[in-house]
Structure formats: C-alpha cells, structure tokens
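Presented below is the structure to which this report refers.
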Amino acid sequence: MKVNAQSVNFNADVKLINFLQNRLDKLETFYDKVISSDVYLKVENTSSKENKIVEIKLNVPKNNFMVKKQCKSFEEAVDTACNSLERKLIKRKQKLRANA
C-alpha cells in the first residue's frame, strides 16, 4: 500500500516512518482493496503530555476512512488509530458480503 506521511512542525525519524508503514501494511490482511493512505503527524504546543496527534485517511474504492488520535507517543497513536481502522474495514467487508 502507498503511504504518504507528512510531519507538521517537526522532522519524522526513519524508525517512525518504518513503523507507520509496517503497521498500515497489516491493514491489508483485513481488507485487500486498500488503495493508499495519507498520514499527518503533528505535535501540539501544549503543556500536556498527550500532545502527539496522528491523522490517518485511508482510501478504499467508493469510500474514505478518517481517524484522528491523540496520545503520549506517535507509536501509541498510530497503534490505536490502526486498531479503529481495522474495525471499520471489517465492518465494510461484512457489509459488502451481505449486499452481494
């Protein structure tokens, strides 16, 4: 799957980009028609420890899924965002099977 990652207000580490790519590649096991994904990594200027924001937009035929998560680390945010995308993809697959 093609992943477009953009980091806002900081430079993303290679390890973070590789983690992101590997985690998003696992989504194809739940729904194989995923075209691409746009990922926005942001750091919010607040005193709170939960200032890392991850937005993932997943492009599938005839639909787009958008998830936004805010956590203490980017890895945790990517993990929780991918977990909710997994649930959405499973629901979509079940809906398509029911209509077929």
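Just so it is clear, the values below take in all heavy atoms, side chains as well, and ignore hydrogens, waters and symmetry mates. The first residue of the sequence shown is numbered 1, and numbering continues consecutively from there.
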*Please step through side-chain contact (heavy atoms from CB on, under 4.5 Å) for the pair Leu41 and Ile53, ending with a clear verdict.*
CA-CA 6 Å; Leu41 307 167; Ile53 301 172; over 6 Å; no
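- How far CZ of Phe19 is from CG of Asp13: 13.0 Å, rounded to the nearest 0.5 Å.
- Interatomic distance, CG of Asn51 versus CD of Gln70, reported as 7.5 Å (0.5 Å rounding).
- In this structure, CG in Leu27 is found 10.0 Å from CD1 in Ile90, a value given to the nearest 0.5 Å.
- Rounding to the nearest 0.5 angstrom, the gap separating the NZ atom in Lys68 from the NZ atom in Lys42 is 5.5 Å.
- Counting all heavy atoms, side chain and backbone alike, Glu76 lies closest to Lys72 at OE1-N, 3.8 Å.
- When every heavy atom of Ser7 is checked against every heavy atom of Ala12, the shortest pair comes out as OG-N, 3.6 Å.
- A heavy-atom distance below 4.5 Å is not found between the side chains of Gln6 and Val39.
- Note on Glu86 versus Arg23: salt bridge recorded, some NZ/NE/NH1/NH2 to OD/OE distance being below 4.0 Å.
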*Step by step, would you call Asp25 with Gln21 a side-chain contact (heavy atoms from CB on, under 4.5 Å)?*
CA-CA 6 Å; Asp25 284 342; Gln21 180 74 46; 3.1 Å; yes
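- In this structure, the side chains of Asn4 and Ser37 stay at 4.5 Å or more apart for every pair of heavy atoms.
- Note: the hydrophobic cluster containing Leu85 also contains Leu96 (ILVMFWY, side chain heavy atoms under 4.5 Å, direct or indirect links).
- Within the 4.5 Å cutoff, no side-chain heavy atoms of Glu28 are placed close to those of Lys33.
- Ring to ring, Phe10 and Phe74 are close: their centroids are under 6.0 angstrom apart.
- Using a 4.5 Å cut-off between side-chain heavy atoms of Ile, Leu, Val, Met, Phe, Trp and Tyr, with links allowed through other members, Ile17 and Val54 fall into different hydrophobic clusters.
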_Worked check of side-chain contact (heavy atoms from CB on, under 4.5 Å) between Ile56 and Asp38_ = CA-CA 6 Å; Ile56 301 176; Asp38 300 317; over 6 Å; no
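- Once rounded to the nearest 0.5 Å, the distance linking CD of Gln94 with CG of Asn99 reads 12.0 Å.
- Within a 6.0 Å radius of NZ in Lys93, more than 12 heavy atoms belonging to other residues, nucleotides or ligands are found.
- From Lys57, atom NZ reaches atom OH of Tyr40 across 6.5 Å, with rounding to the nearest 0.5 Å.
- Checking side-chain atoms of Glu55 against main-chain N and O of Lys69 turns up no donor-acceptor pair under 3.5 Å.
- A distance-only check finds a donor-acceptor pair linking the side chain of Asn22 to the backbone of Asn18 [under 3.5 Å].
- When all heavy atoms are compared, the tightest approach of Leu16 to Glu75 is CD1-OE2, 3.9 Å.
- With hydrogens and angles left out, the side-chain atoms of Asn59 and Ser36 include a donor and acceptor closer than 3.5 Å.
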*Steps toward side-chain contact (heavy atoms from CB on, under 4.5 Å) verdict (Lys62, Arg92)*: CA-CA 11 Å; Lys62 300 181 184 176; Arg92 167 125 173 106; 4.3 Å; yes
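- Side-chain contact check for Leu58 versus Val34: some heavy-atom pair is nearer than 4.5 Å.
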